[in-house]
Amino acid sequence: MPFDPKKVEKASSVDKQLSSYKAPCRGCAKKVTLAKMRSHVTSCAKVQEQMANCPKFVPVVPTSQPIPSNIPNRSTFVCPYCGARNLDQQELVKHCMENHRNDPNKVVCPVCSAMPWGDPSYKSANFLQHLLHRHKFSYDTFVDYSIDEEAALQAALALSLSEN
């Protein structure tokens, strides 16, 4: 059947399981239901402290390979409000929530504009809500940038059909 986003229903059994299982926070060890863990971790001072003390990636050995200049950077972004640089998706969300929560300006989403399908001139009416709803995961986990949109759609359809 054709997919209809208006007829999507939550998996109540999964919701029930996530609301009934508890696990310790990796920062403060407080037991939190899995349904509330993401929210807790983003506000847990100990987790934030651990993340701040995490070393940034540094290559073990310098490479002799040239860094390609024609590949867009989809790992770090610039804050569209103040120009803060080298923010990954999570850092961008945190930075904007802490520093630009009440900024009324319409801005271009740097994450979307870095994507092959992104429109670098489109300004989000509510950028913070856009960030919170559209960028909860890294596209690198799910997207093959080496194929175009039509090929990605065909691959997804073929995989969907093979799973049934």
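Computed over heavy atoms, backbone and side chain alike; hydrogens, waters and symmetry mates excluded. Counting from 1, the numbers follow the sequence of the chain as shown.
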* Structure fact -> Tightest non-hydrogen contact, residues C82 and H95, listed as SG-NE2, 3.3 Å
Quick check against the 3.5 Å criterion: does [X] have a side-chain atom that pairs as donor or acceptor with the backbone of [Y]?
X    : Y    : result
S20  : Q17  : yes
Q50  : A45  : no
N105 : V107 : no
Q89  : V111 : no
S39  : K36  : no

Tell me whether [Y] is reachable from [X] by hopping between hydrophobic residues (I, L, V, M, F, W, Y) whose side-chain heavy atoms are closer than 4.5 Å.
X   : Y    : result
L18 : Y21  : yes
V32 : M51  : yes
L92 : L128 : yes

* State whether the number of non-hydrogen atoms from other residues, nucleotides or ligands found under 6.0 Å of Q90 atom CD is greater than 12. =>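 At most 12 heavy atoms, drawn from other residues, nucleotides or ligands, come within 6.0 Å of this atom.
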* Are there more than 12 heavy atoms of other residues, nucleotides or ligands under 6.0 Å from atom OH of Y81? ->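 For Y81, atom OH is crowded (more than 12 foreign heavy atoms under 6.0 Å).
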* **Close side-chain approach of F77 to S113, heavy-atom, < 4.5 Å** =>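 No, every pair of side-chain atoms sits at 4.5 Å or beyond.
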* Asked: H133 and Q129: side-chain donor and acceptor closer than 3.5 Å?
  ->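 Yes.
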